[in-house]
There are 2 protein chains.
Amino acid sequence: MELTPLGCCSPMVREPLTPDQAEGLAGSFKALGDPVRLRLLSLIASHAGGEACVCDLTGEFDVSQPTISHHLKVLREAGLLTSERRASWVYYRVPAGALAALALLLDETPGAVRRTSLSRTTNPRRSRSPI
Amino acid sequence: MELTPLGCCSPMVREPLTPDQAEGLAGSFKALGDPVRLRLLSLIASHAGGEACVCDLTGEFDVSQPTISHHLKVLREAGLLTSERRASWVYYRVPAGALAALALLLDETPGAVRRTSLSRTTNPRRSRSPI
DNA sequence: TGTCAATATGGACGCTGGTCGATGTCGATG
DNA sequence: CATCGACATCGACCAGCGTCCATATTGACA
């Protein structure tokens with residue numbers, strides 16, 4: 001995380017991610033890398049009031065209630081959901097900007113200026129500096 | 001996939017993803033859910049000319065060459081990389097729009113208008129229709 | 001044609017992660 | 001206080017994934 005947007009395009013496209021950045025981001029994307037979790041996120045975000053209780057969700061899936069609870073926990077620990085207990089029910093919502101932060105990282109502003117290079121005919125080895 | 005952007009915000013926030021859509025998207029995010037793959041993607045995208053050969057990449061990691069090759073294959077099969085052989089070397093690049101497509105899906109246009117709902121005091125059961 | 005360098009593939013191994021049933025916790029309600 | 005419903009936690013099982021080493025494939029070049 002802690003990527004400073006200052007140039008033409010997203011940090012990921014402008015300069016290599018550090019191992020630490022990659023580790024953190026991979027955690028977020030891993031949380032999105034399950035169809036049940038994606039649908040949960042989408043169901044909650046699109047639900048009335050931008051929130052939904054677990055009882056609104058369990059019936060939409062073919063998996064058990066503990067499994068839903070598990071996926072909600074994964075999303076919450078990834079910062080993609082917040083939960084709040086009201087009476088007997090627990091309401092989940094997508095915190096503002098949680099998804100947008102990842103979107104920003106992936107967006108590659110199409111008109112970005114890139115250095116161009118010719119195809120090499122000699123062995124490039126492990127060149128750390130561009131041609 | 002095949003999400004038609006027509007309303008206020010991203011498909012994911014506007015309406016629930018179908019199981020099929022979620023399945024496809026989860027595949028893409030799963031490919032991004034590994035720190036080595038994220039760094040590979042970033043290294044390639046930020047490299048001179050927007051492309052890099054495998055020899056530019058292997059030295060940057062503490063994992064073996066076959067492992068790098070494996071991760072490149074995963075990214076390629078997810079549509080996040082294309083490869084082209086030139087002479088002895090294979091050059092990888094990020095196809096235009098590949099990342100932007102995912103970014104679009106996550107972006108939740110902050111000013112989006114949402115229906116509001118009061119906290120419930122009666123049992124919501126599994127309400128498919130909003131209050 | 002033989003050799004070498006760059007990259008991919010195959011097989012194996014250990015660990016992570018998605019799933020379940022059983023059970024615990026917490027709040028409401030009588 | 002007892003009970004019930006909503007949700008979370010626990011422990012177990014098994015498929016899948018990341019990793020490695022060994023080896024195959026491909027193209028350049030002598």
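Every chain is numbered from 1, with letters handed out A, B, ... down the list of sequences.
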What protein N or O atoms touch nucleotides 16-19 of chain C N or O atoms at under 3.5 angstrom, if any, and at what distances?
{"residue": "C/dG18", "atom": "OP1", "partner": "A/R37", "partner atom": "NH1", "Å": "3.4"}
{"residue": "C/dG18", "atom": "OP1", "partner": "A/R37", "partner atom": "NH2", "Å": "2.8"}
{"residue": "C/dG18", "atom": "OP2", "partner": "A/R37", "partner atom": "NH1", "Å": "3.3"}
{"residue": "C/dT19", "atom": "OP2", "partner": "A/H71", "partner atom": "NE2", "Å": "2.3"}

Polar-atom pairs under 3.5 Å, protein N or O versus N or O of nucleotides 12-14 of chain C: list them with distances, or write none.
none

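Partners of B/P66 under the side chain to side chain contact (heavy atoms under 4.5 Å, CB included) rule, at least two apart in sequence or in another chain, are B/S64. Residues that satisfy the side chain to side chain contact (heavy atoms under 4.5 Å, CB included) test with A/S88, not counting sequence neighbours, are absent from this structure. The side chain to side chain contact (heavy atoms under 4.5 Å, CB included) check on A/A96 picks up nothing, with sequence neighbours excluded. Not counting sequence neighbours, the partners of A/E84 by the salt bridge (Lys or Arg N to Asp or Glu O under 4.0 Å) test are A/R86.
As rounded to whole Å, 16 Å separates atom C1' of C/dT7 from atom CG of B/L75. B/L57 has its CG atom 10 Å from the P atom of C/dA8, to the nearest Å. Remark: P of D/dA6 and CG of A/D56 are 12 Å apart, rounded to the nearest angstrom. Remark: P of D/dG18 and CZ of B/F61 are 14 Å apart, rounded to the nearest angstrom. Spacing between atom CD of A/E84 and atom P of C/dC26 amounts to 18 Å, rounded to whole angstrom units. Residue B/E77 contributes atom CD, which lies 12 Å from atom P of D/dG18 at whole-angstrom precision. Rounded to whole Å, atom P of C/dA28 lies 9 Å from atom CH2 of A/W89. The nearest whole Å value for the distance from the CG atom in B/L72 to the P atom in C/dA6 is 16 Å.
Using a 4.5 Å cut-off between side-chain heavy atoms of Ile, Leu, Val, Met, Phe, Trp and Tyr, with links allowed through other members, A/V74 and A/L32 fall into different hydrophobic clusters.
Remark: of the listed residues B/L75, B/L80, B/D56, B/L57, B/L57 is the sole one forming a side chain to side chain contact (heavy atoms under 4.5 Å, CB included) with B/I44.
At a cut-off of 3.5 angstrom, the base of D/dA8 holds at least one donor-acceptor pair with the side chain of A/Q65.
Judged by Watson-Crick or G-U wobble contacts below 3.5 Å, the nucleotide C/dG30 has D/dC1 as its partner.
Within the 4.5 Å cutoff, the side chain of B/L81 has no heavy atoms near those of the B/R93 side chain.
The side chain of A/S69 sits closest to D/dC7 out of D/dC7, D/dT26, C/dG27. Relative to the side chain of B/R85, the nucleotides C/dA8, D/dA28, D/dT26 differ in distance, and D/dT26 lies closest.
For residues 72-83 of chain B, the set of pairs meeting the side chain to side chain donor-acceptor pair (under 3.5 Å) definition, not counting sequence neighbours, is empty.
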Side chains of residues 33-40 of chain B: which donor-acceptor pairs under 3.5 Å do they make with residues two or more places apart or in other chains?
{"residue": "B/D34", "atom": "OD1", "partner": "B/V36", "partner atom": "N", "Å": "2.9"}
{"residue": "B/D34", "atom": "OD1", "partner": "B/R37", "partner atom": "N", "Å": "3.2"}
{"residue": "B/R37", "atom": "NE", "partner": "B/A31", "partner atom": "O", "Å": "2.7"}
{"residue": "B/R37", "atom": "NH1", "partner": "B/H71", "partner atom": "ND1", "Å": "3.1"}
{"residue": "B/R37", "atom": "NH2", "partner": "B/K30", "partner atom": "O", "Å": "3.3"}
{"residue": "B/R39", "atom": "NH2", "partner": "B/E60", "partner atom": "O", "Å": "3.1"}

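Between C/dA8 and B/Y92, a contact under 4.0 Å exists linking OP1 or OP2 to a side-chain N or O.
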